[in-house]
Amino acid sequence: MSMRNLGRAATLAASLVAVAGLASAQSPNLGKKITEADIQQWDTAILPDGTGLPPGSGTFAQGAKVYAEKCQSCHAEGGKGGGAPGAGALIGGGPLNAINTPKTIKNYYAYATTVFDYIRRGMPYNSPRSLPDNEVYAVTAYILGLNKLIGEKDVMDAKTLPQVKMPNQDNFIMPYPDRI
Amino acid sequence: MSILPPNHWSARSHNILAEQSLLNRRALLGKGAALAGAGLGAATAGVSGAAAEPLKDEKWSLEFGSTIPAVQERSPFEKNVVRTLSNPNGEMRNSHARTQHQLLGGTLTPNSQFFTISHCGVPNIDPAKHKLVIHGKVRQPLEFTLDTLARYPMVTRTAFVECAGNSAPLFSNQPMQITCGAIHGLVSNAEWSGVRLSTLLEEAGVDPTAKWLVAEGADAQLLTRSVPIKKAMDDCLIVLYQNGERLMPGNGYPMRLLVPGYQGNMNVKHVRRIKVIDQPAYTFFETKNYSQILPGGKTWRFNFLMQVKSFITYPTLGHQLKEPGFYNISGVAYSGNGRISKVMVSADGGKSWGEAALQGSVNDKSFTRFNMPWRWDGQPAVITSRAWDESGASQPLRAEFISARGQTSEPVTNPLLFPSQHYNSLTSWGIDSKGEIKHVYA
């Protein structure tokens, strides 16, 4: 090996980072720094205590209008479901007396924030993220109202939505608490 | 059916081997003399009974072959090896493509056959524009691209991915007459290559109060699941390659979260955002779809683990035993707890058992193929398998499983329904005297 190549090999060895036991100083650190402000449009995660809920509000009556225009074609009148393949019922739901009881918002969901979050990220199914937040609050209020989980006059917003008590909320058990 | 504790099972198995047609694997792996002693001699004599014809060259041995294509395809004779589709016409709803295990061998599911579930179609993602951000309870939010991740130390491992709803037809109170793939087609196994999630989380600097992260995909519904930080720091990967090539679009292109051994849906595909949080998000998929109703009406949530399971792939419904004699009972076993330690096979509906040979290397949270040589005497038989893992967990017997998890009160007729999820009891196949195979409960 020539002197030049030997020298090169030495520099190469010096710049090789031991992969085993990667310490943070040796970590590649190639992620671009970004601010929470830049992530805001993507940051839609909503937690059951209301963390992440956006400003805005809506009522049952406002939601009925949104529903008729943007949801009914698939979920059918009054949330009965079945207007399109796979678009299930948004109302009703029997007692959980069989392992295959159809799960619904009323008989199954633990938190009303889940309804809001799912609609905001995925509905209308054919045009996701087209609803302004006020309309998401309104149509959520409409669905919760149809299920008698809130009154028809109740306003849904970042404060009231997490307070809605869902019937199945306390009926869950966690099989693996030690894995959290 | 009596339920015996695991130690009782293994102690008994070898005594009983001699009484039945399962051939002790040690005989086959080792001495040829023992093999003949186990009765194989008689069986092969039957096979060679037909007179052999003189050999001649076939057409393909006499002409120049076809052009080698850039991307190779399977032989046209294998055209029936395809995933089965729940939504073949692409209706605007969820869709499932199931792996036909009874038509495959080995342990790695080919990418073309790897199962897919999409809740809103498969997104067509330009990898140059895809971004992954890590933020929330971290010191410094970070953004990664495929290019930057490609410069990281890469880890390669095998892992199965299994939908919580895999094997759901076995919750029917009557055995459905469907193939192995129709029952178990929502699990597949691959070699994955990617970057440790812990490396990226450490670079972002996770706050000590953080307990969960919520991972989000770039699909039309931004599918979102909560994953415990504990698991994320343990063995989760951001994977870029599947069996040596870039991820299939239906399996998460250009990058997915791999959560080895946990519910398939938690392995978020097309992952674009990981938010570190102090409480789970109770997203739609962990609240409704991937949560289970128990007998008595209680419900499970965050049922992460895919428990130890095995199933026979050959011979099963759709195969036919053409004559008595030697057959190799083969299948796969896997566990979210770790490695498979033992697979027992029975050919008499669970009355007696023999220990199967485990093929190749036995990998953590991965398919392990098992073999059990068997001499079929032409009489009705019921074949079944039962696996143990290194944590000591074993597949519960059906009676035991059903008493804990329930079954439907009416027979299920649609194999695409999910009466419940997380079935990990046994699967049994009944063989009649004509060699025809039916799905049975034993």
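To find a chain, count down the sequence lines: A is the first, B the second, and so on, and within it residues start at 1.
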Least distance between heavy atoms, [X] atom then [Y] atom:
X        : Y        : answer
A:Ala110 : B:Arg301 : CB-NH1, 4.2 Å
B:Thr199 : A:Ser27  : CG2-OG, 3.5 Å
A:Thr44  : B:Arg273 : N-NH2, 3.5 Å

Strictly distance-based, threshold 3.5 Å: is any side-chain N or O of [X] a donor or acceptor partner for the main-chain N or O of [Y]?
X        : Y        : answer
A:Glu36  : B:Gly136 : yes
A:Thr114 : B:Tyr282 : yes
B:Glu203 : A:Asn29  : yes
B:Tyr152 : A:Leu30  : yes
A:Lys103 : B:Ser291 : yes
A:Arg129 : B:Ala220 : yes
B:Lys230 : A:Asp178 : yes

For atom [atom1] of [X], is the number of surrounding heavy atoms from other residues, nucleotides or ligands below 6.0 Å larger than 12?
X        : atom1 : result
A:Lys165 : NZ    : yes
B:Glu91  : CD    : yes
A:Lys70  : NZ    : yes

Does the plane of the ring in A:Tyr118 sit parallel, tilted or perpendicular to the ring in B:Phe284? Use 30° and 60° as the thresholds. parallel
Could you grab the distance from atom OH of A:Tyr176 to atom CG of B:Leu305, nearest 0.5 Å is fine?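 So the OH of A:Tyr176 and the CG of B:Leu305 are separated by 4.5 Å.
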From B:Thr287 atom OG1 to A:Tyr108 atom OH, the distance as rounded to the nearest 0.5 Å: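 Reported value, rounded in 0.5 Å steps: 9.0 Å.
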Do the non-hydrogen side-chain atoms of [X] and [Y] ever get within less than 4.5 Å of each other?
X        : Y        : answer
B:Pro280 : A:Pro48  : no
B:Phe171 : A:Asn100 : no
A:Leu96  : B:Leu294 : no
A:Lys32  : B:Leu142 : no
B:Phe302 : A:Arg179 : no
A:Met123 : B:Gln221 : yes

Name the region of [X], side chain, backbone, both or neither, that has any atom closer than 4.5 Å to a heavy atom of chain A.
X        : result
B:Lys298 : both
B:Ile277 : side chain
B:Arg405 : backbone
B:Glu286 : neither
B:Ser409 : neither
B:Gln140 : side chain
B:Lys288 : both
B:Asp234 : neither

Max heavy-atom pair count under 4.5 Å with chain B, selected residue of A:Ile180, A:Thr104, A:Thr101, A:Ile99: A:Ile99
Tell me which of these, A:Pro128, A:Gly86, A:Pro85, has more heavy-atom pairs under 4.5 Å with chain B than the rest. A:Pro85
For chain A, find which of [options] contributes the most heavy-atom pairs closer than 4.5 angstrom.
options                      : answer
B:Lys231, B:Lys211, B:Arg151 : B:Arg151
B:Phe418, B:Phe285, B:Trp212 : B:Trp212
B:Lys131, B:Lys275, B:Gln279 : B:Gln279
B:Thr145, B:Leu132, B:Leu222 : B:Leu222

Please step through side chain to side chain contact (heavy atoms under 4.5 Å, CB included) for the pair A:Met174 and B:Trp300, ending with a clear verdict. CA-CA 6 Å; A:Met174 236 184 289; B:Trp300 258 342; over 6 Å; no
Between [X] and chain B, with a heavy-atom cut-off of 4.5 Å, which part of the residue counts as in contact: side chain, backbone, both or neither?
X        : answer
A:Ala84  : neither
A:Phe172 : both
A:Ile46  : backbone
A:Asn171 : both

Under the salt bridge (Lys or Arg N to Asp or Glu O under 4.0 Å) rule, what do B:Glu216 and A:Arg121 come out as? Steps first, then yes or no, please. CA-CA 11 Å; B:Glu216 175 184 276; A:Arg121 57 180 72 240; 2.9 Å; yes
My understanding is that only one of A:Thr35, A:Ile34, A:Asp43, A:Asp38 makes a side chain to side chain contact (heavy atoms under 4.5 Å, CB included) with B:His135; could you say which?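 The passing option is A:Asp43.
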